[in-house]
Engineer: 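Questions regarding the structure given below will be posed in turn.
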Amino acid sequence: MPIRYFNSYSRQLEDFVPLEEGRVRLYTCGPTVYNFAHIGNFRAYIFEDLLQRHLEFRSFKVHRVMNLTDVDDKTIRGCRAAGIPLAVFTKPFKEAFFEDLKTLRIKPADQYPEATAADHIARMISMISTLEEKGHAYRADDGSVYFRIRSFPAYGRLAHIVLDELQAGVRVRSDEYEKENVGDFALWKAWDEADGDVGWESPWGRGRPGWHIECSAMATGILGPQLDIHCGGEDNIFPHHEAEIAQSECVTGLRFSKYWMHCKHLQVEGTKMAKSAGNFFTLRDLMDKGWSGREVRLALLSVKYREPLNFTMDGLAAARSALARLDEWSARLTETAGSAPPEPVSFPEMDAFGSALDDDLNISAALAAVFELIRETNRLLDGGNLAPGQAKSLADWLTGVHSVLALEPEAASLPAEVQALLGLRAQARASKDWKASDSIRDQIATLGWMVKDTKDGQKAIRL
RNA sequence: GGCGGGGUAGCCAAGUGGUAAGGCAGAGCUCUGCAAAAGCUCUAUGCGUCGGUUCGAUUCCGACCCUCGCCUCCA
């Protein structure tokens, strides 16, 4: 069965066929580094991570680029308020972002271009010049350069917006009278006092790039004029991605991206996430509450990207329990397998996992396949009906699954102190000294490990 | 107002024109010195409401209700 993804552009499921066989050029819109990213941002990044890992699972070579927007209204406002240079203001947020990605086990992109890098600014200026030459851009009275949306007939096709129906919304500044059309967007913003010392010289004077041109310049600059897949959150569809298409295609004359994939927003406890509602979380907020990156990852991963996700504390707790079940199974397989060589096993769920993902990243169905297999093979293990070699094969399969899900347990080595106490406890138990046994168990618990007595002896698990 | 998602068991959530995956929670059982953990088993005559099409609809069509998102720099 071919891989199918839902293309936002056609609004249909389409077979995935990259421009170049076996290779995928993937561009994903990254964060604006004026603050710590919140879990809504991370839902998008985890979806993109799943996409990349799934493609790699299916043997594609993925070249992924994620941009960092480190100059815009908010970053400028932030650095001005703090009275520090822009780069100094954004640096800690960039660092925090990369830490968070690591915590959530999001595979690093191949490149993280920054909007303020000199070569990217140069490319943006060059693209804007080309647009101006071709009549797609014009300079307004305020010195800014705008994209003329009337010059690109396909404008609105991605978002399915009809130009004539575009009305001035509440967020359109009514004083932007210098634009030809209310929908024209800034390619280059002329410097004004609020920008402080943020600005670059250009053919249009000092100023800074518009948001949309950043992505067009960095995407085409690094990946070439045509991308296979461009991703982002659903809110990016309009105007951001619509603008990117217009700018890029007017410069290159080629279709910008073959596929567009957008993930839905999440809600928190059933309502829109908002600071004012008190249900706004950064990853750090959740870590402070004692949740692990792996738990947050599963909670954000477990719902299909095209469905709204209801993020709840119950959901995190459910993720924690589900992971415990998964870990237990994994440990059981490893133990049963011993050093046996793999032996063929065949369960329909093993293929179902990948097939579910092939079907537009149906993660819920993929996880269901994993858990069905867990129950089925646990039954066999309970009855002693799973050969070591078969367990080995299943463990190998699970390794492949984790190359996509990245939910394997943290490697935790047993501290020598706990190891020693376990030895003492084993002796106490051999002589049926239950009091000593229980007391040592409590002692081990204070070190953060839980002792389980199984038919095969003691086992310590990280609390 | 325009465009587009959702509404499936206590919670989260797949899915299909032929009679409901999976996870969590709950109950029972097994194992066990006790405990904990774990494992197994069970749990929706029902899929927002009302109509229609059909031998048969949760799945298709229509209307309505609720909810969420976008409508010019928010993932």
Side-chain angles (χ1 to χ4, degrees), chain A residues 8 11 28-32 37-48 69 72-74 149 156 159-162 165-173 176 179 182-186 189 210-214 231-240 242-243 262-267 270-273 298-299 302-304 306-312 314-326 328-329 331-332 349 352 356 362-372 374-375 378-379 381-383 429 432-435 437-438 441 445 450-455 459 461:
Chain A
S8 306
R11 299 200 180 177
T28 54
C29 282
T32 300
H38 57 70
I39 54 171
N41 301 120
F42 288 118
R43 183 196 191 188
Y45 305 142
I46 286 176
F47 141 65
E48 290 153 0
T69 297
D72 79 321
D73 291 348
K74 282 178 293 221
I149 59 172
H160 292 230
I161 282 176
V162 180
E165 289 173 5
L166 259 187
Q167 292 174 7
V170 288
R171 291 161 72 187
V172 178
R173 275 165 43 198
E176 289 185 350
K179 292 198 288 187
V182 67
D184 289 351
F185 53 88
K189 303 178 95 162
W211 177 39
H212 314 304
I213 196 69
E214 274 179 28
C231 299
E234 58 173 340
D235 57 310
N236 276 159
I237 294 173
F238 193 87
H240 186 51
E242 197 68 65
H262 296 95
C263 79
K264 284 268 183 297
H265 280 188
L266 55 69
Q267 290 179 256
T271 59
K272 182 179 178 173
M273 179 168 73
L298 179 56
S302 56
V303 176
K304 264 198 81 166
R306 283 202 294 126
E307 301 295 332
L309 182 155
N310 186 14
F311 187 86
T312 62
D314 282 354
L316 279 172
R320 175 172 289 178
S321 301
L323 285 169
R325 183 165 162 80
L326 189 58
E328 191 69 30
W329 184 61
R332 229 181 147 182
E349 292 84 0
N362 190 341
I363 186 67
S364 301
L367 288 170
V370 173
F371 283 98
E372 278 179 78
I374 289 177
R375 181 149 33 83
N378 269 335
R379 219 159 21 211
L381 285 163
D382 284 352
R429 293 178 66 71
K432 294 196 188 292
D433 183 352
W434 307 125
K435 201 173 268 183
S437 166
D438 290 353
R441 181 167 67 199
M450 180 183 68
V451 181
K452 304 198 305 185
D453 293 311
T454 72
K455 46 219 157 293
K459 278 185 200 149
I461 290 186

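Here the structure is a predicted model, which means the values were calculated and not measured. What you see below is based on every heavy atom in this structure, not just the backbone, and it leaves out hydrogens, waters and symmetry mates.
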Engineer: Taking the minimum atom-to-atom distance to the side chain of A:Asp382, which one of B:C73, B:G39, B:A14 wins?
Structural biologist: B:G39
Engineer: Which nucleotide sits closest to the side chain of A:Arg375: B:G5, B:G23, B:G69?
Structural biologist: B:G23
Engineer: B:C12 phosphate, OP1 or OP2: any side-chain N/O from A:Asn310 under 4.0 angstrom?
Structural biologist: yes
Engineer: For the side chain of A:Phe238, counting heavy atoms from C-beta on, which of B:A75, B:G69, B:U72 is nearest?
Structural biologist: B:U72
Engineer: A:Asp314: what forms a salt bridge (charged side-chain N to carboxylate O under 4.0 Å, His left out) with it, not counting sequence neighbours?
Structural biologist: none
Engineer: Any base atoms under 4.0 Å from A:His240, or only sugar-phosphate, or nothing? Heavy atoms, all strands.
Structural biologist: nothing
Engineer: For nucleotides B:U72 and B:C64, find the distance between their C1' atoms and express it as a whole number of Å.
Structural biologist: 33 Å
Engineer: Regarding A:Ala368, tell me which of base, sugar-phosphate or nothing describes its non-hydrogen contacts under 4.0 Å with the strands shown.
Structural biologist: base
Engineer: Using the C1' atom as the reference point in each nucleotide, state the distance between B:C50 and B:U19 in Å, no decimals.
Structural biologist: 22 Å
Engineer: Scan A:Leu266 against the nucleic acid and name what it touches under 4.0 Å (heavy atoms): base, sugar-phosphate only, or nothing.
Structural biologist: base
Engineer: Which of the following nucleotides, B:C68, B:A14, B:G23, is nearest to the side chain of A:Gln267?
Structural biologist: B:C68
Engineer: Measure from the side chain of A:Lys264, starting at C-beta and using heavy atoms only, and say which of B:G15, B:A21, B:G5 lies closest.
Structural biologist: B:G5
Engineer: How does each nucleotide of nucleotides 28-38 of chain B score, in 5' to 3' order, for protein heavy atoms under 4.0 Å: base (B), sugar-phosphate only (S), or none (-)?
Structural biologist: -----BBBBSS
Engineer: Under the salt bridge (charged side-chain N to carboxylate O under 4.0 Å, His left out) test, which residues partner A:Glu349, sequence neighbours left out?
Structural biologist: none
Engineer: Taking C-beta and beyond as the side chain, do A:Arg325 and A:Ile374 meet within less than 4.5 Å on heavy atoms?
Structural biologist: yes
